[in-house]
Enquirer: 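Before I ask anything, let me first share the structure, which is written out below as structure tokens.
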Amino acid sequence: MTVAEVIVDVPTMQTNRPFEYDVPSSLSEVVEPGMRVEVPFGRGKRKIQGFVMKLKDTSSFKGKLKPIDRVIDLRPVLSDEMLDLSSWLADRTYSFQISCLQTMLPSVMRAKYHQIVKPVDVEDKEVEQLFQGQDSIEVTSQMSDETINLINRLKKNNKIEIEYTVENKANQLKRQAITTTLNTIQLREKRSELRSNAKAQLKLINFIIDNLNNMPIELSDLTKVGVNRAAIKTAEKNNILSIIEVTKRRKPVGITPDKTTKMHLSKEQAQAVEQINQAIDNAKNETFLIEGVTGSGKTEVYLQTIDRAINENKTALMLVPEISLTPQMVNRVTGRFGNKVAVLHSGLSSGERYDEWTRIENGSVQVVVGARSAVFAPLKNIGLIIIDEEHEASYKQDDNPRYHARDVALWRAKRHKCPVVLGSATPSLESRARAQKGVYKLIRMKERINKQPLPHVQIVDMRDTENSAAKGDLSPLLQDKLWRVLKRKEQAIILLNRRGYSSFMMCRECGFVLKCPNCDVSLTYHKDLGKMKCHYCGHEENVPQICPQCHSKKIGFYGTGTQNIERQLNELFPDARVLRMDVDTTRRKGAHAKILKQFGDRKADILLGTQMIAKGLDFPDVTLVGIVNADTTLSLSDYRASERTFQLLTQASGRAGRADKSGNVIIQTFNPDHYAIKDAAVQDYETFYNQEMYLRHQANYTPYYFTTLISISHKDEGQTLKQAYWLKKQLSTVLSNNSILLGPSPTMISRKQNKYYYQIIVKYKHEPKLHQKLLDILNDTQADTKKGFTIAIDNEPQHID
Ligand code: ADP
Ligand code: ZN
Ligand code: ZN
């Protein structure tokens, strides 16, 4: 007999283990691990999907096993490697194995696709019989087991081939959408002409004004925001908008390969390449951390080591934080390796994404570039894995399964016996600390290519009267530098630090930030309580009316928008062409690439934007970078606040003066003496690292302690708190005195979707019983899920909010 172990698509703790099924003899030739099957489940006639994990001869089950009903895939969609990885991942991230398996599969495989069979050996009798004169046939669920078996046997003998095609519905569908030729002023005029009872028209016009950047907008999206058809028709009649047809399909992000040939390496580059190549040649599972200042030429190191892997007939996987934000990197890789590269990015249609996945799976490409989820690319024989900007928080998935791509990469590298290269100008503290311990090999690249000096950085103290007296957010010094850049016909980047929330308090007179007396992180404002709260320990206090430090009344919530800065730039420099890049102007697919291309083509003088523009960009004419407000990230209510600030400022400064012209950077701050700002100004990672490690040590934070965050939610606050305290008690039974249990405390937005969220933080060094306890807790609370509780466990969280 053949027994299959199947992970079923029922995401509960009770079903989070393999179930045994009988493989009927009619399917015994077909079923393989990694295929999806349909199986009966539970008492009723319910049929569900599952993944075959393993085949074996015997079963320990006493009763009669139920049979597999049907195979969904005629060839495995996940390799043995992926099946093993899913087990490890589920355990490590406290998530259901079924979620992990589905995460690894491209989403398109979860949707509808067709399996088309085509003849290879047309002479063969059985092939002839199968096709009966047709060019191809489609596999359907109605096919008999005999036919399926025949197909499978012919496939194994290479007499036929099976292709998957994805129906790209989006491709063909036409949708109705609205667009307008009016601008904001004209729309406002139309609005003022409305009768006072024309509520629907008012709503529609306001919506159009707010979304002018996003036209055309599909009618279905309008109904979602409560605008009805009648209102749209009326507006059309009144020449406010017109209705057009659009094709639904999203345009892929423009990749324009940047053809470069192998460069002659600098000494530092050559040393890096040499070490990594050696590990590739010897199939050595080593991890390198390249700590290279901005402009030190890390990309060329990546390219030449990828080249080595290819020449050794191996494959290479390269991860980047976000494809749309790093088009230059992608262009360089595709420019060097052409059609040997598959790029996995969110701008692909499902069909295109599937095509790339197939190209990888069947070995047509040797290099894969992609963001976080590309770490699951079905590459075989991996010879090198690269993670660029390894410190980026986007490598960690915020939802279940909460995996970090770096951890997955290290796992795969071990399996493939290959090196991993982590690269950054500002490595994460965790990685740098590992290199200190010798777990990773540290490669430092201290010099910029062609001995270009690092940019000249000036810190502007925004507490000074001349700066606070200036009308807007741009200090006189920054204005002066901008003016010079424009006069010299060079380019500038103006960065507005928006990662922080506007819910922390800062004094504009002295730079004081209201912090928790216990945890040294800033307090955040909780609207529903009207109080300032600490997310770590739950400490709360009233909103201060005057600054506790200097007694000024200028203490308040902090935050400025990009549009506001854009207006100020336009007023100060009416002739300058300003491009704005923020969430509003980049909502559409491909918008990032378009804006960056315009800037690269010198169609604008100033690129104004948020965090998005801080990393990876390499524009030779940029000689000035201005950072409007360095303090926002500094005041994040997170122990990583200083690290994030240092990273952002260093990365952003690194955009200036990369070619033959020297660069200037202006950092505006209310905290000019803060070490994160001072060290970033001189791009001194090592000094920052030492200081930050010292402080983390004092406060018992990562990397001295492991951190696990457990959050509990329920629509009743009392219930949530009760459960949270019960959890805390449970945890305390297994923890030693060396661990620290914080909370429960309410989270940042404590009432998302009418639910209350509380969290508990465990900081620990060595707690052998903790892992099992957390699994037990998950198990126990499963029963409570029905009562509306949700619980999430986040290993090494990237944000605490
Ligand atoms: P970073 O380390 O900041 O990622 P890049 O890889 O973008 O730096 O390199 C900075 C610039 O130097 C790029 O324009 C790149 O083309 C150029 N460059 C890199 N290596 C060399 C080299 N060996 N010779 C000449 N130019 C180089
Ligand atoms: Zn606290
Ligand atoms: Zn003050």
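Every number for a ligand or one of its atoms is a count from 1 in the order of the listing.
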Enquirer: State if Gly295 counts as touching ligand 1 under the rule of any non-hydrogen atom under 4.0 Å.
Expert: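 Gly295: in contact with ligand 1 (<4.0 Å).
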
Enquirer: Side chain or backbone, does Gly297 bring an N or O within less than 3.5 Å of an N or O on ligand 1?
Expert: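 Among all N and O atoms of Gly297, at least one is under 3.5 Å from an N or O of ligand 1.
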
Enquirer: Checking contacts here: is it the side chain or the backbone of Gln269 that comes within 4.0 Å of ligand 1, counting heavy atoms only? Could be both or neither.
Expert: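 Answer for Gln269: side chain.
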
Enquirer: Ion pair present between Lys661 and Asp621, side-chain N to carboxylate O less than 4.0 angstrom?
Expert: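 Yes, this pair counts.
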
Enquirer: Just by distance, no angles: are the side chains of Thr261 and Arg336 close enough, under 3.5 Å, to form a donor-acceptor pair?
Expert: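 No, no side-chain donor-acceptor pair sits under 3.5 Å.
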
Enquirer: State, with a plain yes or no, whether a side-chain heavy atom of Leu727 is found less than 4.5 Å away from one of Ile710.
Expert: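 Side-chain contact under 4.5 Å: yes.
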
Enquirer: Is ligand 1 under 4.0 Å from a heavy atom in the side chain of Lys298, in the backbone, in both, or in neither?
Expert: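 The answer is both, backbone and side chain.
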
Enquirer: Is it true that Gln269 and Gln304 share a donor-acceptor pair across their side chains at a distance under 3.5 Å?
Expert: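 Looking only at side-chain atoms, Gln269 and Gln304 do not form any donor-acceptor pair under 3.5 Å.
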
Enquirer: May I ask you to check whether over 12 heavy atoms, not counting those of Lys594, lie within 6.0 Å of atom NZ?
Expert: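 12 or below, so no.
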
Enquirer: Looking at ligand 1, does any of its N/O atoms fall within less than 3.5 Å of an N/O of Arg655?
Expert: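 By distance alone, the answer is no.
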
Enquirer: Near the Zn ion (ligand 2), is there an N/O/S atom from His539 that is less than 2.8 Å away?
Expert: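 Looking at His539, which is the residue asked about, there is no N, O or S atom under 2.8 Å from the Zn ion (ligand 2).
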
Enquirer: Of the side chain and backbone of Lys262, name the one, both, or neither that has a heavy atom under 4.0 Å from an atom of ligand 1.
Expert: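 The answer is neither.
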
Enquirer: So, at under 2.8 Å, which protein N, O or S atoms would a careful student list around the Zn ion (ligand 3)?
Expert: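 Near the Zn ion (ligand 3), the protein supplies Cys507 SG, Cys510 SG, Cys547 SG, Cys550 SG.
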
Enquirer: For Gln328 and ligand 1, answer yes if some heavy atom of the residue is under 4.0 Å from a ligand atom, otherwise no.
Expert: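 Flag not set, Gln328 not near ligand 1.
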
Enquirer: Taking the ring centre of each residue, are Phe688 and Tyr675 less than 6.0 Å apart?
Expert: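 Centroid separation for Phe688 and Tyr675: below 6.0 Å.
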
